[in-house]
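All ligand and atom numbering here is 1-based and tracks the order in the structure. What you see is a predicted model, and the numbers here were worked out from it, not measured in a lab.
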Amino acid sequence: MTDIIRLLPDSVANQIAAGEVVQRPASAVKELLENSIDAGAKEITLNIKDAGRTLIQVIDNGAGMSPADARLCFERHATSKISAASDLFRIITLGFRGEALASIAAIAQVELKSRRDADDLGTQILIEGSVVKSQNAVQCNQGTSISVKNLYFNTPARRNFLKSDPVEIRHIMEEFQRVAMVYPHIAFRMIQNGKTVFQLNPGSLKQRLVQVFGTSLNQKLVTVEESTNIVRINGFIGKPEYARKVRGEQYFFINGRFVRLPFMHHAVESAFTELIQDDSHPIYFLYLDIEPSNIDINIHPTKTEVKLLDEKHIYSILKAAVRRAIGRHNLTPAIDFDLDPIFNVPEPSPGQTINPPVIKVDQDYNPFNTSTIRPPETRFRIKPNTEGWEKYLELPEADPSPSDTQMEIPQHTESNSDSVSDKHILCIMGAFVVTSVRSGLMLIDIKSAIERIHFERFLKNISLGNGTSQQELFPDQIHLSPQNALIVKELLPELKALGYMMEALGELSYVVHGTPSGLENQDIPAQIEALLENYKNLGEMHGNNKNAALALAAAKNSANTLNPRQDEELKALIDSLFACEMPHQSPSGINIIKILNTEEIKELLR
Ligand code: ADP
Ligand code: MG
């Protein structure tokens, strides 16, 4: 018998490692950016084509590499950053396994150009699927430029796994932002398909956050600062009044790396209890510095979870620090004078004529014409499909009188239809509707019901392009972060179909003249921010189905903001629910309806 165990060739080992290190284009972006930072760069440019599929290039003005290092850096476990296992515990640089470049070069065509300040000529290396194709001395700028072309060219299965371009771009932007948010003194630029999407100049941390997330952030932040011997905390929290039902920007960094810290998240949220509604979430950007030996170091380079040895103490320090920051803000809220736009109105120069503001109104609007006004409860008015009801409502003594013309009951109702309008319904805690049906007691989750109803309506509107709008008397201007601006641009036709009447005012601003019927009377910037936040969180889930993701994002928004309490509203809600194609389950997968039959009720009481 011959021996059968063989060592894998390096190229195969590298491809396997690449599976972990380069899960998607954004992971390569992160590794390359971190390398540039480790190399001491003061200016870093990220250049992306086709969501990273065809090109990811990172150009820096850092230390550069010698010709020998330029060749060696693509070897597995080649690193200038550690030399012994013990180094792992005091490492402060970002990457530390010497695996990133080897992994990337295993699954792409890579061109590296690098020159140290002291050298006249730099080095160019072409490497493809771990095979070095050429190495030349070339003229190039000081620093390093790495171009990763055709990622996954030799691992088609992985390439096919990639999500749609917008989703991959969002991941790339997210990684870019997470790095840029930690190094405000470094200039960053991100170019995508030839267009600059971020141009971040060196400045203070607050300036950097505002550059990344949009000018509206400026007025929302309160400084947090705390220094103890187990942790140093600095950064910002959002003022309580800016907390939203949708989770917005919530970032933790430990020693300069983005991390997820569910336990510390809890500390922050609990510092806000009683100041914000239970289902609202504060914004935060918190930077923790902790002695590396107090972190249970997670050696996996792509993981964002870490374990802190002094968790409980850090929890209370953090909570107290946030509490104090809120307290300080509450004592001096008026300090923010200079941020109020009212004080920023420029004085007219002498001789300048001032045009009165023009307000566009709908000339045909007639408040007495019932076809143009919508009473509030019509938010839920979709033609009830009474068939859905029959299953539940055939009460033995039911009187089949489809008399309620207001409910717009369609033709086929001559049978045993039963609108909820003549039933007793109860609203419990603003969250559930209870009513009796033939087989027992029917419970409906209000929030999920709204989500279902609006999801179906919005989806139809987006696909057919016939969403109705509610004109705003005073158009609102919104300012977006570069990331959100990109999403709005990508979604503009769908947003319009949904009923948003909006026009671009430059790259990052829009003027909004109208919002979808059913979402009127809400603060427009907050509404659109929440919509985009929902969309980002859902984009992944819905893969390429943009319409469904947008419809659900908008539906979640309405479920968070609408609060039907009146009998009429609740009845219309139930009717609309049963007019839905899938009344039983919310689009997020939660059961909307539960019927307790006699047996179950008895069981409950036993
Ligand atoms: P690690 O960062 O864990 O050391 P990498 O594979 O990411 O592993 O990089 C290998 C080595 O290549 C680094 O240790 C560094 O010496 C060198 N290197 C990588 N990128 C750059 C860069 N942009 N500028 C200078 N040196 C770099
Ligand atoms: Mg690295």
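Not a single N or O atom of Asp38, backbone or side chain, sits closer than 3.5 Å to an N or O atom of ligand 1. No N or O atom of Glu31 sits closer than 3.5 Å to an N or O atom of ligand 1. Residue Leu101 has at least one N or O atom closer than 3.5 Å to an N or O atom of ligand 1.
Two residues are said to be in side-chain contact when any heavy atoms from C-beta on lie closer than 4.5 Å; Asn534 and Leu552 fail this criterion.
A ring-ring contact (aromatic ring centres under 6.0 Å, His included) with Tyr284 is found for exactly one of Phe252, Tyr251, Tyr242, namely Phe252.
The closest non-hydrogen atom to atom 26 (N) of ligand 1, taken over Glu34, Met65, Glu75, comes from Met65.
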Task: Residue pair His281, Gln250: steps toward the side-chain hydrogen bond (donor to acceptor under 3.5 Å, both in side chains) verdict - done: CA-CA 9 Å; His281 306 281; Gln250 298 187 324; 4.6 Å; no
Open item on the list: What verdict does the salt bridge (Lys or Arg N to Asp or Glu O under 4.0 Å) test give for Glu249 and Arg244, after you've listed the backbone C-alpha separation in whole Å, the side-chain angles of each residue and the deciding distance to 0.1 Å?
Closed with: CA-CA 10 Å; Glu249 282 80 44; Arg244 295 278 176 271; over 6 Å; no
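Close approach of ligand 1 to Ala100 (heavy-atom distance below 4.0 Å) involves ligand atoms 6 (O), 7 (O).
Using a 30° and 60° split on the angle between ring planes, Phe253 and Phe258 fall in the perpendicular class, above 60°.
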